[in-house]
Amino acid sequence: MHNMKRKSIKKSEIGTLKNDADLPSKQNTASFFEDVHSVVRQIPIGRVTSYGAIAQYLGTRMSARMVGWAMNASHAANPPVPAQRVVNRNGMLTGKHHFSTPQRMEELLKAEGVEVKDDTVIDFKNVFWNPSSEIAL
DNA sequence: GCATTGACGAAGG
DNA sequence: CCCTTCGCCAATG
């Protein structure tokens, strides 16, 4: 989104995050959150993707851990980010504890038509959405 | 400035 | 097939 401001992530949420313009060597940090959020917002309803897939799509320059870490700030992003559609490589809802309630993530997914059992997405590979191959550049 | 942690993932045992 | 180790990069104590 052209109008997306780099402050889509509140500094208070990130902590000591400074203005990216003031950090020449780290100017990608702030935009990294935007990139992650942008990708996650493109995940179709009823589909899910993984942290690693997003990392790979954005370029192998950072690890999948940074994607998960970035998601921590997603709740403050605007427009909202459907964080429930991002699970780990096994389709497990590893980020459930970061929602309002531990069961909230599963509820959201089921409401979208994604079957979940035992904190894992059923038929994961079938509902998996790979940004690297699904997003047309 | 070093050690630990983290919504991860791949590799090795 | 389960568990441990390591790499990844930034934040935190």
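All values below come from the heavy atoms of this structure, side chains included, with hydrogens, waters and symmetry mates left out. To find a chain, count down the sequence lines: A is the first, B the second, and so on, and within it residues start at 1. The shown structure was predicted, so the numbers you read here are calculated from the model rather than taken from an experiment.
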Is it the case that the side chain of [X] and the backbone of [Y] share a donor-acceptor pair, with hydrogens and angles ignored and the cut-off at 3.5 Å?
| X | Y | answer |
| --- | --- | --- |
| A:Arg41 | A:Pro79 | yes |
| A:Asn88 | A:Asn90 | yes |
| A:Ser38 | A:Val36 | no |

A:Arg104 meets the salt bridge (Lys or Arg N to Asp or Glu O under 4.0 Å) criterion, sequence neighbours left out, with A:Glu107
Residues passing the salt bridge (Lys or Arg N to Asp or Glu O under 4.0 Å) test with A:Glu134, sequence neighbours excluded, are A:Arg47
Roughly how many Å is it from [atom1] in [X] to [atom2] in [N], rounded to a whole number?
| X | N | atom1 | atom2 | answer |
| --- | --- | --- | --- | --- |
| A:His98 | B:dG6 | NE2 | P | 9 Å |
| A:Phe32 | B:dA7 | CZ | P | 14 Å |
| A:Leu58 | C:dC9 | CG | P | 14 Å |
| A:His75 | B:dA7 | NE2 | P | 13 Å |
| A:Gln56 | C:dC8 | CD | P | 16 Å |
| A:Asn72 | C:dA10 | CG | P | 16 Å |

- Query: Can you tell me how far P in B:dA7 sits from the matching atom in C:dC2, rounded to whole Å?
  - Reply: 23 Å
- Taking the P atom of each, how far is B:dT5 from C:dT4, in whole Å? 15 Å
message: Check for me whether the distance between the ring centres of A:Trp69 and A:Phe33 falls short of 6.0 Å.
response: yes
Contacts satisfying ring-ring contact (aromatic ring centres under 6.0 Å, His included) that involve residues 109-135 of chain A (not counting sequence neighbours) are A:Phe124-A:Phe128
Sorted by chain and residue number, the side chain to side chain donor-acceptor pair (under 3.5 Å) partners of A:Glu112 (sequence neighbours excluded) come out as A:Gln84, A:Arg85
message: Is it the case that over 12 heavy atoms from other parts of the model lie below 6.0 angstrom from the CD atom of A:Glu115?
response: no
Which of B:dA7, C:dC9, C:dA10 is nearest the side chain of A:Trp69? It is C:dA10
Note: contacts of residues 113-132 of chain A with DNA chain B (heavy atom, under 4.0 Å) are none
Produce the list of close N/O pairs, under 3.5 Å, pairing protein atoms with atoms of nucleotides 9-12 of chain B; give distances to one decimal.
from  : atom 1 : to      : atom 2 : distance (Å)
B:dG9 : OP1    : A:Gly52 : N      : 3.1
B:dG9 : OP1    : A:Arg89 : N      : 3.4
B:dG9 : OP2    : A:Arg89 : N      : 2.6

Describe the nucleic acid contact of A:Ala70 in one word from base, sugar-phosphate, nothing, applying a heavy-atom distance below 4.0 Å. nothing
